[in-house]
Chemist: 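The structure is given below, and queries will be raised subsequently.
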Number of protein chains: 2
Amino acid sequence: MPLDNYQEILSDPPAKGRMISNLSVDCCIFGFENNDLKVLLVQHASGRSQGQWALPGEFVLKDRNLKEMPHHVLQRLTGLENIFVEQLGTFGRLDRVDYGRIITIAYYALISPQKYNLKVGADALDVAWVNVAEATKLIYDHNEILDYAMIKLRDRIKTYPIGFELLPDKFTLTHIQKLYEAMLGHSLDTRNFRRKMLSSKLLQATSEVDDSVPYRAPKLYTFDKERYDEMLVEGYFFQL
Amino acid sequence: MPLDNYQEILSDPPAKGRMISNLSVDCCIFGFENNDLKVLLVQHASGRSQGQWALPGEFVLKDRNLKEMPHHVLQRLTGLENIFVEQLGTFGRLDRVDYGRIITIAYYALISPQKYNLKVGADALDVAWVNVAEATKLIYDHNEILDYAMIKLRDRIKTYPIGFELLPDKFTLTHIQKLYEAMLGHSLDTRNFRRKMLSSKLLQATSEVDDSVPYRAPKLYTFDKERYDEMLVEGYFFQL
DNA sequence: ATGAATATTGTCATTAAGACAATATTCATT
DNA sequence: AATGAATATTGTCTTAATGACAATATTCAT
């Protein structure tokens, strides 16, 4: 059965009759840890693609709005709700999968460490956070999708401060800088970065510091959502 | 028959067996004329949706790469090839069409007057260029798609000079300014606009002027594609 | 010669960017 | 208590970009 081959989410698969058999959803779920941008991958456990890594996905269900599908994937895979998700686009090369004609709608999601500290992959699924740079040789056209996600992400953080979705509620300036460096793929001048970041007024200094480090404790900041909403109207360009 | 209802392209419809029956492609085809941004619409000639206006579209064909589909729509509708096209996203609300579960992949295309001077709609189809502002009450969720296209377009011209796709090969500075004003939805200071546009070095002055006007003839410019490609690497922000 | 219509150009004050390195804290070690 | 290690934090100068302004120049038609 060709469809079994694509059974990326193994627990409690939907009945065949409930899904639109030629349409799937795949998600690039990003996280940021140890100064590395990571993506959540699943390993296929059976079928022709056994052992290969893939972006988590599902077939589109007949009775579900498309918008809900990525949240459904996230819910099943991580148990998380209320996650930042945006659509990337739809991929439909004729030969993109080696069985049948499956068109997939790609999404990306950003989740913060304090959320996924709940240990993804505690259940039976073979799931792992993988450094984006090391996520090569994915199944089907999933590398093409991931590459596209990275391009979009890089493009997006120039105009919207979505990077904050990847950080905990309180973070240090170094923390954000490392995040931007990881996303942009090059290092940034600390003085200029801080000047620009602080002048944007997106951050609010707290009175707390990060005491967990064995050197000068850095100040903790929070993200100012109101100011962010203002900036969406004004326009914004974070060129660095 | 529900599918007949969605038969947007009337001439030479594909056989049912050739299409993926739950997946369509819809296109926002933009043009710019008389300082107005226009979109190409088709009027449904039969079925429940008779008389209603819609974005042109088709069902996705089984044997065609997804990427080719919008070009197929453009080809059929206007006879044009090599048009600038980008995917907008995929729309899949459960109740987006009033029959069955159809998910649609939306694209937008930008075409320039010198191309569509060949009179779109010379054939039997009911097709018209409509000012975007006046394209209300479209069928299904097509207004939602068009609104989204406008948001994307506005966002896009801040980072990429795609507006040039809407202009003829030679154009005046006023011409571009009016285009930007139409896309952004507000007027711009001429001095500042010109300074910024010229300093970007995206334009090359020609030795020609537009003689067709009954007042001082404005200089004609061309678009510098090489410089454009450079800017894609450097990054760019056209905030006005 | 005049009026109509649009094209074209310049200044000044303020703000942002780019390039650059020294000092400050804190903890661990001796 | 002094030193070293590690990272946090801050400032200057020059140049470039922005925003807010209005006067002058051309051309054609009358």
Side-chain angles (χ1 to χ4, degrees), chain A residues 34-35 157-159 161 167-168 170-182 184 186-222 227 230-231 233-240, chain B residues 34-35 157-159 161 167-168 170-182 184 186-222 227 230-231 233-240:
Chain A
N34 298 123
N35 295 341
I157 59 165
K158 286 179 188 165
T159 326
L167 295 176
K170 293 174 184 173
F171 46 81
T172 68
L173 283 172
T174 300
H175 210 167
I176 320 180
Q177 187 179 340
K178 294 295 179 193
L179 171 59
Y180 271 82
E181 288 178 342
L184 294 172
H186 59 83
S187 61
L188 299 168
D189 179 272
T190 303
R191 284 163 295 185
N192 292 343
F193 178 85
R194 284 172 176 237
R195 179 178 54 193
K196 176 130 192 180
M197 192 51 86
L198 290 171
S199 73
S200 76
K201 291 172 183 164
L202 278 169
L203 304 185
Q204 268 179 324
T206 69
S207 53
E208 300 166 66
V209 294
D210 177 5
D211 276 322
S212 68
V213 295
Y215 46 80
R216 177 171 175 179
K219 237 187 261 183
L220 286 169
Y221 291 82
T222 58
R227 171 65 186 146
E230 277 174 39
M231 286 176 60
V233 180
E234 290 171 23
Y236 175 65
F237 191 51
F238 203 91
Q239 167 82 47
L240 281 162
Chain B
N34 297 123
N35 295 341
I157 59 164
K158 286 180 187 164
T159 325
L167 295 176
K170 292 173 185 174
F171 47 81
T172 68
L173 283 172
T174 301
H175 210 168
I176 320 180
Q177 188 179 341
K178 294 296 180 192
L179 171 59
Y180 271 82
E181 288 177 343
L184 294 171
H186 59 85
S187 62
L188 299 167
D189 179 272
T190 303
R191 283 163 295 186
N192 292 344
F193 179 84
R194 285 173 174 235
R195 179 177 53 193
K196 177 131 191 179
M197 191 50 84
L198 290 172
S199 73
S200 76
K201 291 175 184 165
L202 279 168
L203 304 185
Q204 269 179 324
T206 69
S207 51
E208 300 166 65
V209 295
D210 177 4
D211 276 322
S212 69
V213 295
Y215 45 80
R216 176 170 176 180
K219 235 186 262 182
L220 287 168
Y221 291 81
T222 58
R227 172 65 186 147
E230 276 173 42
M231 285 176 59
V233 180
E234 288 170 25
Y236 173 66
F237 191 50
F238 203 91
Q239 167 83 45
L240 279 163

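Quick note on labels: first sequence line is chain A, next is B, and so on, each numbered from 1. Computed from a prediction, not measured in an experiment: that's the story for all the values here. As a basis for the values below, the full set of heavy atoms in this structure was taken, side chains included, without hydrogen atoms, waters or symmetry mates.
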Chemist: Using whole Å, report how far CG of L220(A) lies from P of dA8(D).
Modeler: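 Going from CG in L220(A) over to P in dA8(D) covers 11 Å.
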Chemist: Please name the nucleotide paired to dT10(D) by Watson-Crick or G-U wobble geometry with both distances under 3.5 Å, or report none.
Modeler: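 Pairing partner, where one exists within any strand: dA21(C).
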Chemist: Please test R194(B) against T174(B) for side chain to side chain contact (heavy atoms under 4.5 Å, CB included), starting from the C-alpha separation and ending with a verdict.
Modeler: CA-CA 9 Å; R194(B) 285 173 174 235; T174(B) 301; 3.6 Å; yes
Chemist: For nucleotides 12-18 of chain D, give me every protein contact, N/O to N/O, under 3.5 Å, one pair per line with atom names.
Modeler:
unit_1	atom_1	unit_2	atom_2	d
dT18(D)	OP1	K196(B)	NZ	2.5

Chemist: With the side chain counted from C-beta on, respond yes when F193(A) and E181(A) share a heavy-atom pair under 4.5 Å apart, and no when they do not.
Modeler: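 No, side chains not in contact.
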Chemist: What residues in residues 202-216 of chain A put a non-hydrogen atom under 4.0 Å from any atom of DNA chain C?
Modeler: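 Only P214(A), Y215(A), R216(A) qualify.
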Chemist: Considering every strand shown, what is the Watson-Crick or G-U wobble mate of dT30(D) when both distances are under 3.5 Å?
Modeler: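 Across all strands, the one nucleotide that pairs with dT30(D) is dA1(C).
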Chemist: Apply side chain to side chain contact (heavy atoms under 4.5 Å, CB included) to the pair T159(B) and K158(A), showing each step before the final yes or no.
Modeler: CA-CA 9 Å; T159(B) 325; K158(A) 286 179 188 165; 5.8 Å; no
Chemist: Within the structure provided, determine whether I176(B) and M197(B) are in side-chain contact (heavy-atom separation under 4.5 Å).
Modeler: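 Yes, at least one pair of side-chain atoms sits under 4.5 Å.
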Chemist: What is the separation between atom CZ on R191(B) and atom C1' on dA20(D), rounded to the nearest whole Å?
Modeler: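 Rounded to whole Å, this separation is 8 Å.
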Chemist: In the structure I gave you, are the side-chain heavy atoms of L203(B) and F171(B) within less than 4.5 Å of one another anywhere?
Modeler: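 Result yes, sub-4.5 Å side-chain heavy-atom pair found.
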Chemist: With heavy-atom distances below 4.5 Å as the criterion, would you say the side chains of L220(A) and T172(A) are in contact?
Modeler: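 Contact flag for L220(A)/T172(A) side chains = yes.
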Chemist: Would you say Y221(B) and L167(B) make side-chain contact, with heavy atoms under 4.5 Å?
Modeler: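 No; the side chains remain at least 4.5 Å from each other.
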Chemist: What is the separation between atom CG on L198(A) and atom P on dG11(D), rounded to the nearest whole Å?
Modeler: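 Nearest whole value for this atom pair: 12 Å.
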Chemist: Return the value, rounded to whole Å, for the distance between atom NZ of K219(B) and atom C1' of dT27(D).
Modeler: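 So the two atoms are 16 Å apart, to the nearest Å.
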Chemist: With both distances under 3.5 Å as the test, what is the Watson-Crick or G-U wobble partner of dT18(D)?
Modeler: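 dT18(D) is paired, partner dA13(C).
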Chemist: Within this structure, what is the CZ-to-P distance between F193(A) and dA17(C), rounded to whole angstrom?
Modeler: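 Going from F193(A) (CZ) to dA17(C) (P), I get 13 Å.
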Chemist: Figure out the CG/C1' separation between D189(B) and dA7(C), and round it to whole Å.
Modeler: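 For the pair D189(B) CG and dA7(C) C1', the rounded distance is 14 Å.
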Chemist: Find the distance L188(B):CG to dT8(C):C1' and express it as a whole number of Å.
Modeler: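 My rounded result for the distance is 17 Å.
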Chemist: CG of N35(B) versus C1' of dT6(C): gap in Å, rounded?
Modeler: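 Result: 13 Å.
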Chemist: Measure the shortest side-chain to side-chain distance between L173(B) and T190(B) over non-hydrogen atoms and say whether it is less than 4.5 angstrom.
Modeler: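 Result no, sub-4.5 Å side-chain heavy-atom pair not found.
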Chemist: What's the shortest heavy-atom distance between N35(B) and A182(B), and which atoms?
Modeler: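 Reported closest heavy-atom pair: O-CB, 4.1 Å.
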